[in-house]
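Comments concern the structure below.
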There are 2 protein chains.
Amino acid sequence: MARAPTTYDPFNAIAEPKRRQLLEALGTQELSVNELVALLGWTQPMVSKHLGVLKQVGLVSERRVGRQRLYRVNAAQLKPIHDWVTPFEQYWSESFERLNQLLGQIHKGERKNARKK
Amino acid sequence: MARAPTTYDPFNAIAEPKRRQLLEALGTQELSVNELVALLGWTQPMVSKHLGVLKQVGLVSERRVGRQRLYRVNAAQLKPIHDWVTPFEQYWSESFERLNQLLGQIHKGERKNARKK
DNA sequence: TTGACATATTCCCATATAGGAATATAATAT
DNA sequence: ATATTATATTCCTATATGGGAATATGTCAA
């Protein structure tokens with residue numbers, strides 16, 4: 001069944017490296033499609049398509065000015081991702097890593113003993 | 001060309017909701033495949049397959065004990081995701097939202113004026 | 001209206017999976 | 001050795017895209 005239609009999940013939108021690049025390029029500034037094309041060196045349809053996905057998910061918003069469309073990041077939509085990953089943060093801290101390695105050592109010892117039985 | 005082979009990118013591994021569930025279920029505890037099957041109510045091959053992907057990306061590690069395989073989260077691999085999303089954090093804070101809305105109002109005014117010209 | 005510019009959309013193809021079913025592999029107990 | 005338990009793997013199919021090329025849409029200027 002392939003991956004579920006992802007275009008409505010920020011996690012999935014972000015899974016595509018190009019879309020992450022796009023968000024990085026936009027950063028806090030508003031840019032037109034052509035500016036993004038120039039900046040990234042992709043084809044125009046490619047930029048438009050990825051922007052389309054990001055827009056559907058709500059990760060960018062669009063503002064029309066003349067024939068241009070100015071895009072900007074809608075950072076609030078990234079909050080769910082931040083919120084999801086943050087609880088794991090404590091487990092990659094340096095102190096945790098040390099503790100973890102220590103426990104790993106102890107554990108190996110236990111396994112050896114168990115085998116020798 | 002479809003999405004680039006994602007099995008080596010944590011962002012992509014995490015894009016699948018089931019794999020996020022799996023990581024949540026594991027949390028900080030070590031669980032066997034069957035325990036996860038019982039906990040999540042999925043089929044055993046399904047659990048094994050998703051664990052396989054997570055393992056390839058390094059998001060979980062495996063420890064063999066008898067016929068069981070105990071899996072646990074390798075949180076450090078989530079750091080890149082945290083690091084990527086964090087810089088955007090400031091833009092969804094409450095105070096930023098207020099400022100942003102205010103600027104939005106001003107902007108609308110400008111557009112109207114520009115049009116009337 | 002006509003032409004130039006900015007952007008979006010459509011068509012087509014190749015490929016990466018997710019899920020289900022069946023089966024293989026590994027380890028333990030009898 | 002054999003049965004049983006725990007887990008992984010393979011085969012198959014349906015489907016979701018990503019990218020390229022061509023084209024449509026929309027907007028402004030002359």
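Residue numbering restarts at 1 for every chain, and letters A, B, ... go by the order of the sequence lines.
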When you compare the side chains of A:Ser32 and A:Glu35, does any donor N or O come within less than 3.5 Å of an acceptor on the partner?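 There is such a pair between these side chains.
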Round to the nearest Å and state the distance from [X] atom [atom1] to [N] atom [atom2].
{"X": "A:Arg64", "N": "D:dC28", "atom1": "CZ", "atom2": "P", "value": "11 Å"}
{"X": "A:Asn12", "N": "D:dT17", "atom1": "CG", "atom2": "P", "value": "6 Å"}
{"X": "B:Asp9", "N": "D:dT17", "atom1": "CG", "atom2": "C1'", "value": "16 Å"}
{"X": "A:Tyr8", "N": "D:dT17", "atom1": "OH", "atom2": "P", "value": "10 Å"}
{"X": "A:Gln21", "N": "D:dG19", "atom1": "CD", "atom2": "P", "value": "10 Å"}
{"X": "B:Leu36", "N": "D:dA6", "atom1": "CG", "atom2": "P", "value": "14 Å"}
{"X": "A:Leu40", "N": "D:dG18", "atom1": "CG", "atom2": "C1'", "value": "16 Å"}
{"X": "A:Gln56", "N": "D:dT17", "atom1": "CD", "atom2": "C1'", "value": "12 Å"}

Given side chains that start at C-beta, do those of B:Tyr91 and A:Leu78 come closer than 4.5 Å, heavy atoms only?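 Side chain of B:Tyr91 against side chain of A:Leu78, heavy atoms only: no contact under 4.5 Å found.
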Donor-acceptor pair, distance only, cut-off 3.5 Å: does the side chain of B:Glu16 make one with the backbone of B:Lys18?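 Flag set: sc B:Glu16 to bb B:Lys18 pair under 3.5 Å.
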Test item: B:Arg19 side-chain N/O and B:Ala13 main-chain N/O as donor-acceptor pair under 3.5 Å: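 Indeed, once roles are kept as given, a pair shorter than 3.5 Å links the two residues.
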Pair up each side-chain donor or acceptor in residues 38-48 of chain A with any protein partner under 3.5 Å, not counting sequence neighbours, and list the distances.
{"residue": "A:Trp42", "atom": "NE1", "partner": "A:Leu40", "partner atom": "O", "Å": "3.4"}
{"residue": "A:Thr43", "atom": "OG1", "partner": "A:Met46", "partner atom": "N", "Å": "3.2"}
{"residue": "A:Gln44", "atom": "NE2", "partner": "A:Ser48", "partner atom": "OG", "Å": "3.0"}

Run through A:Val73, A:Leu26, A:Val60 and flag the one making a side-chain contact (heavy atoms from CB on, under 4.5 Å) with A:Leu54.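 Exactly one option meets the side-chain contact (heavy atoms from CB on, under 4.5 Å) with A:Leu54, and it is A:Val60.
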Please check the phosphate of D:dG19 (OP1 and OP2 only) for any side-chain N or O of A:His50 closer than 4.0 Å.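 So the side-chain polar atoms of A:His50 do come within 4.0 Å of the phosphate oxygens OP1 or OP2 of D:dG19, strictly under.
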I want to check one thing: is the phosphate of C:dG19, taken as OP1 and OP2, less than 4.0 Å away from some side-chain N or O of B:Lys18?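 True: B:Lys18 side-chain N/O within range (under 4.0 Å) of C:dG19 OP1/OP2.
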Using the test side-chain contact (heavy atoms from CB on, under 4.5 Å), find all partners of A:Arg20 that sit at least two apart in sequence or belong to another chain.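 Partners of A:Arg20 under the side-chain contact (heavy atoms from CB on, under 4.5 Å) test: A:Ile14, A:Pro17, A:Glu24, B:Asp9, B:Phe11, B:Trp84.
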Between the protein and nucleotides 6-8 of chain C, are there any N/O to N/O pairs under 3.5 Å, and if so, what are the atom names and distances?
{"residue": "C:dT7", "atom": "OP1", "partner": "A:Val33", "partner atom": "N", "Å": "3.3"}
{"residue": "C:dT7", "atom": "OP1", "partner": "A:Arg69", "partner atom": "N", "Å": "3.4"}
{"residue": "C:dT7", "atom": "OP2", "partner": "A:Asn34", "partner atom": "N", "Å": "2.8"}
{"residue": "C:dT7", "atom": "OP2", "partner": "A:Asn34", "partner atom": "OD1", "Å": "3.4"}
{"residue": "C:dT7", "atom": "OP2", "partner": "A:Asn34", "partner atom": "ND2", "Å": "3.0"}
{"residue": "C:dA8", "atom": "OP1", "partner": "A:Tyr71", "partner atom": "OH", "Å": "2.3"}
{"residue": "C:dA8", "atom": "OP2", "partner": "A:Ser48", "partner atom": "OG", "Å": "2.3"}
{"residue": "C:dA8", "atom": "N7", "partner": "A:Gln44", "partner atom": "NE2", "Å": "2.7"}
{"residue": "C:dA8", "atom": "N6", "partner": "A:Gln44", "partner atom": "OE1", "Å": "3.3"}

Salt bridge (Lys or Arg N to Asp or Glu O under 4.0 Å) against B:Lys49, all qualifying residues, sequence neighbours excluded: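 Listed in chain order: nothing, the list is empty.
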Only pairs at least two apart or in different chains count here, so list each ring pair (Phe, Tyr, Trp, His ring centres under 6.0 Å) that has a residue in residues 64-83 of chain B.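 Output for this query lists A:His82-B:His82, A:Trp92-B:His82.
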Enter the inter-axis angle for the ends of the helix from C:dT1-D:dA30 to C:dT30-D:dA1 (five pairs per end, rounded to 10°).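 Axis angle across the helix from C:dT1-D:dA30 to C:dT30-D:dA1, nearest 10°: 10°.
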